[in-house]
Trainee: 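Before I ask anything, let me first share the structure, which is written out below as structure tokens.
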Amino acid sequence: MGTNSDSSFRARLARAEDLVTYISGFENYGPPRPEETIESMKALIRTLFDVNANVAARQKDYSTAVDVRFNAFWKVDNSVQKLIVQIRAAVEAQFGKKSTEAAIVNRIIKRMREIRIRKAPANLETPAGQTAASRSDRKFGTLTHFFNDIVTTIENTAGYDSTNERVKKQTLKDTAANLSLLNAEVAKKEQELKSASDHRLLQYAELKLRADRIKAYVKGFYGMKSQEYELIKGMRF
């Protein structure tokens with residue numbers, strides 16, 4: 001799903017293409033800097049297409065990582081949300097509902113259920129989006145920590161065993177390790193998206209700088225009342 005930010009960048013790119021079309025038709029167009037020549041502006045537009053595509057690709061990777069992590073905790077049949085129910089049942093079946101082992105596991109599960117999770121936001125280009133993503137990451141990190149506490153408790157409980165493959169000691173250790181990997185993958189994709197977005201901001205800042213220079217040159221060379229300046233003076237980047 002595209003964001004308002006994406007739409008804004010696409011709109012600016014479309015205006016940049018219009019700007020190049022206009023100046024290509026100006027007679028004797030010859031700006032003082034090579035950066036504002038027609039060929040240089042066309043090259044910048046190609047770069048802007050590339051950075052937009054890169055952000056879109058990094059956005060997709062990030063969203064996929066966020067979805068996979070969310071599902072691992074909450075959605076799929078073998079999610080942590082469902083798994084902790086099986087763990088509690090296995091402990092209570094083996095050691096009793098009033099046992100110390102059951103009390104420890106239930107206490108951790110209670111704390112896990114107190115954490116309200118939302119997916120990390122798709123748009124990380126705003127301070128609010130970055131804050132929400134950071135908050136989501138911390139909550140998933142806390143859930144992972146609590147799950148590791150359950151696994152450690154069971155691992156250190158003598159005599160624990162289960163016929164349910166999902167809650168065997170080694171399987172639980174593997175699940176805990178996978179949750180850590182999912183958190184790491186989200187962090188990695190989040191950083192890649194932020195880097196791509198930051199690079200795009202720099203390129204569009206360059207577009208604005210060059211467009212302003214072009215306007216100044218056209219106003220000075222063709223005149224403030226000229227048809228050439230009238231065509232481009234209202235363009236915003």
Side-chain angles (χ1 to χ4, degrees), residues 1-67 118-137 185-237:
M1 181 182 295
T3 65
N4 290 335
S5 177
D6 292 332
S7 299
S8 172
F9 284 114
R10 288 196 297 271
R12 279 182 272 177
L13 177 55
R15 288 195 290 273
E17 292 181 290
D18 290 342
L19 176 63
V20 172
T21 297
Y22 291 146
I23 63 176
S24 296
F26 293 171
E27 187 175 357
N28 297 322
Y29 176 81
R33 294 200 328 159
E35 289 89 342
E36 284 75 58
T37 62
I38 293 169
E39 285 308 311
S40 291
M41 291 301 294
K42 286 181 177 178
L44 177 59
I45 286 174
R46 290 193 293 270
T47 296
L48 295 178
F49 270 109
D50 289 342
V51 296
N52 282 352
N54 188 44
V55 169
R58 301 291 76 77
Q59 178 70 64
K60 182 179 179 181
D61 290 344
Y62 169 69
S63 296
T64 298
V66 165
D67 287 342
R118 292 183 178 179
K119 281 186 186 179
N123 184 7
L124 300 183
E125 293 186 276
T126 65
Q130 293 172 15
T131 299
S134 178
R135 186 184 303 118
S136 177
D137 291 341
E185 184 69 5
V186 170
K188 176 186 174 185
K189 298 306 179 184
E190 187 175 322
Q191 183 56 46
E192 290 175 353
L193 173 57
K194 188 175 185 307
S195 294
S197 298
D198 288 347
H199 180 61
R200 178 166 69 175
L201 287 174
L202 290 174
Q203 293 302 316
Y204 274 85
E206 175 67 14
L207 169 63
K208 184 180 186 310
L209 173 65
R210 294 194 195 185
D212 288 345
R213 296 263 192 160
I214 288 172
K215 289 180 187 179
Y217 164 72
V218 170
K219 181 169 66 173
F221 186 77
Y222 298 98
M224 184 179 292
K225 300 295 185 180
S226 66
Q227 181 182 17
E228 289 84 356
Y229 185 60
E230 286 294 325
L231 273 175
I232 68 172
K233 71 177 184 180
M235 302 183 82
R236 296 291 178 262
F237 297 93

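Positions are given from 1, in the same order as the sequence printed here. The structure displayed is predicted, hence computed values, not measured ones.
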Trainee: In the structure I gave you, are the side-chain heavy atoms of Lys215 and Lys219 within less than 4.5 Å of one another anywhere?
Mentor: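 The answer is no, as the side chains (C-beta and beyond) never meet within the 4.5 Å cut-off.
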
Trainee: Counting C-beta onward and ignoring hydrogens, is there a side-chain heavy-atom pair between Ile23 and Tyr217 closer than 4.5 Å?
Mentor: no

Trainee: Can you measure from OH (Tyr22) to CD1 (Ile232) and round to the nearest 0.5 angstrom?
Mentor: 10.0 Å

Trainee: Is there a side-chain contact between Asn54 and His199 in this structure, where contact means two heavy atoms from C-beta onward sitting under 4.5 Å apart?
Mentor: no

Trainee: Go through the steps to decide whether Leu193 and Lys189 satisfy the test side-chain contact (heavy atoms from CB on, under 4.5 Å), and finish with yes or no.
Mentor: CA-CA 6 Å; Leu193 173 57; Lys189 298 306 179 184; over 6 Å; no

Trainee: Roughly how far, to the nearest 0.5 Å, is CZ of Phe221 from CD of Glu27?
Mentor: 9.0 Å

Trainee: Among residues two or more places apart or on two chains, list those pairs meeting side chain to side chain donor-acceptor pair (under 3.5 Å) that have a residue in residues 29-45.
Mentor: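 Listed by first then second residue: Arg33-Glu36, Thr37-Ser40.
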
Trainee: Could you give the distance from CG (Leu201) to CZ (Phe9), rounded to the nearest 0.5 Å?
Mentor: 4.5 Å

Trainee: At their closest point, which heavy atom of Leu44 faces which heavy atom of Leu207, and how far apart are they?
Mentor: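 What the structure gives for the nearest pair is CD2-CA, 3.8 Å.
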
Trainee: What side chain to side chain donor-acceptor pair (under 3.5 Å) pairs are there with at least one residue in residues 221-237, not counting sequence neighbours?
Mentor: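 Counting only pairs at least two positions apart or across chains, the side chain to side chain donor-acceptor pair (under 3.5 Å) contacts touching residues 221-237 are Glu230-Lys233.
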
Trainee: Looking only at heavy atoms, which two atoms of Ala211 and Leu19 are closest? And how far apart?
Mentor: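 Smallest interatomic distance, heavy atoms only, reads CB-CD2, 4.1 Å.
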
Trainee: Just do the side chain to side chain donor-acceptor pair (under 3.5 Å) check on Thr21 and Glu17 with the steps written out, would you?
Mentor: CA-CA 6 Å; Thr21 297; Glu17 292 181 290; over 6 Å; no

Trainee: Using a 3.5 Å distance criterion without hydrogens, assess whether the side chain of Thr64 forms a donor-acceptor pair with backbone atoms of Lys60.
Mentor: yes

Trainee: Using the side-chain contact (heavy atoms from CB on, under 4.5 Å) rule, take Met41 and Ile214 through it: C-alpha gap first, then chi angles, then the decisive distance, then the call.
Mentor: CA-CA 10 Å; Met41 291 301 294; Ile214 288 172; 4.0 Å; yes

Trainee: If you measure from CG on Asn52 to OG1 on Thr47, what distance do you get to the nearest 0.5 Å?
Mentor: 11.0 Å

Trainee: For the residue pair Gln130 and Ser134, confirm or rule out a side-chain donor-acceptor distance under 3.5 Å.
Mentor: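 Gln130 vs Ser134: no donor-acceptor pair found between side chains.
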
Trainee: Can Thr131 and Arg135 be counted as having a side-chain donor-acceptor contact under 3.5 angstrom?
Mentor: no

Trainee: Is Asp212 salt-bridged to Lys208, cutoff N-O under 4.0 Å?
Mentor: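 So Asp212 pairs with Lys208 through a salt bridge.
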
Trainee: When you check the gap from the basic side-chain N to the acidic O, do Arg58 and Asp61 get nearer than 4.0 Å?
Mentor: yes

Trainee: Please report the interatomic distance CG(Leu209) to OH(Tyr204), rounded to the nearest 0.5 Å.
Mentor: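 Going from the CG atom of Leu209 to the OH atom of Tyr204 covers 15.5 Å.
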
Trainee: Do Arg210 and Glu206 sit within salt-bridge range, that is, some charged N less than 4.0 Å from a carboxylate O?
Mentor: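 The answer is yes: the pair qualifies as a salt bridge.
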
Trainee: When rounded to the nearest 0.5 angstrom, what is the spacing between OG in Ser197 and CD in Glu192?
Mentor: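 Taking OG in Ser197 and CD in Glu192, the distance rounds to 11.5 Å.
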
